[in-house]
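Labels below follow one simple rule: chain letters A, B, ... track the order of the sequence lines, proteins then strands, and each chain is numbered from 1.
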Amino acid sequence: MITLTGKSVFGGVEIGKIAFYKRNSQQIKRWHVDDTEAEVNRFELAKATAVGQLQGLHEKALKDVGEENAMIFEIHQMMLEDLDYLESILHIITNQEVNAEYAVATTADNFAAMFSAMDDAYMQGRAADVKDVSERILNILTGAGNAGFSTDEPAIIAADDLVPSETVQLDKEKVLGFATMYGSSNSHTAILARTMNIPAIIGLGEALKEEYDGAFAIIDGFDGKVYIDPDEETLEAMKKKQADDRAKKALLQELKGKENVTKSGQKINIYANIGNTSDVGSVLQNDAGGIGLFRSEFLYLENDTFPTEEQQFQVYKTVAENMAGKKVIIRTLDIGADKQADYFNLPHEENPALGYRAIRICLTQTDIFKTQLRALLRASAYGQIAIMFPMIISVGEVKRIKEIMEEVKAELRADGISYNENIETGIMIETPAAVMVSHELAKEVDFFSVGTNDLTQYTLAIDRQNPKLDDFYDPHHPAVLAMIKMAADNAHAEGKWIGICGELGADLELTETFLKMGIDELSVSPSMILPVRKKVREAE
Amino acid sequence: MKEFSYVITDELGIHARPAGLLVKEAAKFQADIKIKKGEKAADAKRIFGIMGLAAKKGDEIIMTADGADEAEAIAAIEEFLKANL
């Protein structure tokens, strides 16, 4: 048995033969041509054929991998029709009086070198695109056949690296997984593997040899390993791993589209927590009913200065639009304590968890707060946005927030900018104080969302970053559960709804407890949505 | 000639996809449209040139349009940049 190790770009286990992808490596020769005009025509014809092929590939890719991933073939067409690229080729043919193949190959090398020299991994990867489009013209000019792999049964496709036009032409039914010597997690092989849900490992290096073509192998996308001629023990272990993974995926697949309802008919909403726009894909994939907590901090933490209204607006709008009418609850700035951004210039504090953070910053530096509210309200015209405020301890704070909201709304109206006048607003219940006055708070807002991490820390007076306190820490402490129940009862007494967006929301041991309390919504990380749904459907 | 400057907010900067979309947008107009980053300039109708600028998040680019439909062109490009980059 030979074990190869690379970098996993998608999980899963598959067992089968290796099929090594063979391509025509061409030796391009340079020769003199007398009739450069005819040679230019020969090139133009080949280019037109190549553009036609790319249009075909684009249509195929649209069906197979969707618009976003198919765009690469449109980009390839633009590259082929790029004036710099064409001028370079025509210039070489005409001035050096040489053949089109040589002109194309030389130009391709030059442009690929330009990308390779850039100090950005993504752009360096684009050298492969230049070579891919140029190779296409060369194949047409020289009449070389198409590259490919030959296998009758599904196989693990091995290659040095695969370019987009190669991956899209693969017969998907015959691909168990991808193993490549080079490539990056931005490469098209990686993207395709994720779309197809099949294991893929890149960066296996020279250890992946062409002589393994036809060998029996296992690809383990979880650990980034390829086993060539596996021994019995490994084979058994991998078969088990594969079965477990498939059972899990099948179960979850079965739960997709199902209601979150208990056996006795009690319903609960299961939403997702996200921290960036890029998480929206997994929210939809896992069939969340909405977004229960969109942490807006990344906008601040990833910036070197305060994010502009426009920048924030675009982010909120994108998420709202992608969720297509499903609820998106966005929490306003929750900076401070363990989340710091230099440009806020927050002074050092002895006790940051009890310090100048979250809503306390917003109600002090109202210009920061207003910019965010303006962006949120503008975005509310594009979807079902709700706003949630963190670290509340008093009714007075909520009243002050509402005044500021009204000021921002008035400004928007004066500017003739549309927003959702009935936008839902809620607060985080994450301090014991908020729980104790929740009967008053419930009159002021549309909903509560319990932030169990902070609520637990403040209720138990335990710093969760301190490992010495682990023995004292009980995540299911009755005091915390009593706090949640009290907030729930007070919300319901005013006809308001209550959700849980902290870690406890995804704690399957508590799902039934929360159902009994009448919690209306659980917001969990995208990967926990279906397991929680399963638990709810099993509950009485 | 019309011009305006824009600071890129997209995480990946002008990568292949937006570069392609920008070419498509620019190609709709007669005007000569240029994109500048620092000392470097490129024709907004040429994808390799645009990608060669390697414009990243936080970089300032200056767009210029020169020609009969320059006003419409610059407005459309500005809209495009705000929506995509």
Side-chain angles (χ1 to χ4, degrees), chain A residues 58 67-88 107-108 110-115 117-130 133 164 186 188 191 276-278 298-299 302-305 307-308 310-315 317-318 321, chain B residues 4-61 63 67 75 77-85:
Chain A
H58 182 240
E67 196 182 343
E68 186 113 345
N69 294 327
M71 173 90 194
I72 188 66
F73 296 108
E74 255 189 291
I75 291 167
H76 279 188
Q77 286 175 53
M78 288 177 192
M79 288 178 168
L80 277 189
E81 289 170 331
D82 181 90
L83 291 173
D84 293 325
Y85 181 78
L86 294 179
E87 278 164 13
S88 165
T107 301
N110 289 343
F111 278 75
M114 173 190 91
F115 281 115
M118 286 164 81
D119 61 351
D120 172 317
Y122 172 82
M123 284 295 178
Q124 286 165 3
R126 303 287 66 78
D129 289 324
V130 178
V133 293
N186 285 327
H188 296 281
I191 293 165
N276 206 327
T277 42
S278 54
F298 80 96
L299 278 164
E302 289 177 2
N303 249 25
D304 302 324
T305 173
T308 62
E310 189 60 29
Q311 196 181 343
Q312 297 192 50
F313 165 68
Q314 290 298 344
V315 165
K317 173 171 171 260
T318 304
E321 285 180 337
Chain B
F4 76 96
S5 74
Y6 181 79
V7 176
I8 296 179
T9 59
D10 188 271
E11 285 306 316
L12 293 170
I14 307 188
H15 56 283
R17 188 177 145 82
L21 291 169
L22 177 59
V23 169
K24 268 175 135 179
E25 193 62 33
K28 292 178 189 162
F29 301 95
Q30 294 289 318
D32 181 25
I33 304 171
K34 291 248 179 327
I35 169 169
K36 277 185 225 163
K37 191 195 99 179
E39 299 286 288
K40 286 198 277 185
D43 183 335
K45 295 174 186 173
R46 302 186 182 196
I47 191 166
F48 283 128
I50 297 173
M51 290 172 73
L53 293 177
K56 298 197 184 96
K57 183 183 175 183
D59 285 345
E60 183 183 42
I61 53 172
M63 303 293 314
I77 299 282
E78 185 163 7
E79 179 121 332
F80 168 84
L81 291 177
K82 281 181 179 162
N84 293 283
L85 282 160

* Hey, what do you get for NE2 (B:His15) to CZ (A:Arg126), rounding to the nearest 0.5 Å? -> 9.5 Å

* Calculate, to the nearest 0.5 Å, the distance between atoms CG and CE belonging to A:Asp82 and B:Met51 respectively. => 10.0 Å

* A:Met78 pairs by side-chain contact (heavy atoms from CB on, under 4.5 Å) with which of B:Ile50, B:Leu21, B:Ile47? -> B:Ile47

* Would you give the length of the straight line joining atom CD of A:Gln314 to atom NZ of B:Lys82, rounded to the nearest 0.5 angstrom? => 9.0 Å

* Measuring heavy-atom distances to chain B, does A:Met114 have an atom under 4.5 Å in its side chain, in its backbone, in both, or in neither? -> side chain

* **A:Glu302, part contacting chain B, at a heavy-atom distance under 4.5 Å** => both

* With rounding to the nearest 0.5 Å, note down the distance linking CD in A:Glu74 to CZ in B:Arg17. => 9.0 Å

* With a 4.5 Å cut-off on heavy-atom pairs, point out which of A:Met79, A:Gln77, A:Met118, A:Gln311 contacts chain B the most. => A:Met79

* Answer with side chain, backbone, both or neither: which region of A:Met123 has an atom nearer than 4.5 Å to a non-hydrogen atom of chain B? => side chain

* **NZ-CG distance between B:Lys57 and A:Asn303, expressed to the nearest 0.5 angstrom** => 5.0 Å

* Asked: Within a reach of under 6.0 Å around NZ of B:Lys56, are more than 12 heavy atoms found that belong to other residues, nucleotides or ligands?
  -> yes

* Contacting moiety of A:Asp84, where chain B heavy atoms sit under 4.5 Å -> both

* Asked: For the candidates A:Lys317, A:Glu87, A:Glu310, A:Glu81, which exhibits the highest count of non-hydrogen atom pairs separated by less than 4.5 Å from chain B?
  -> A:Glu87

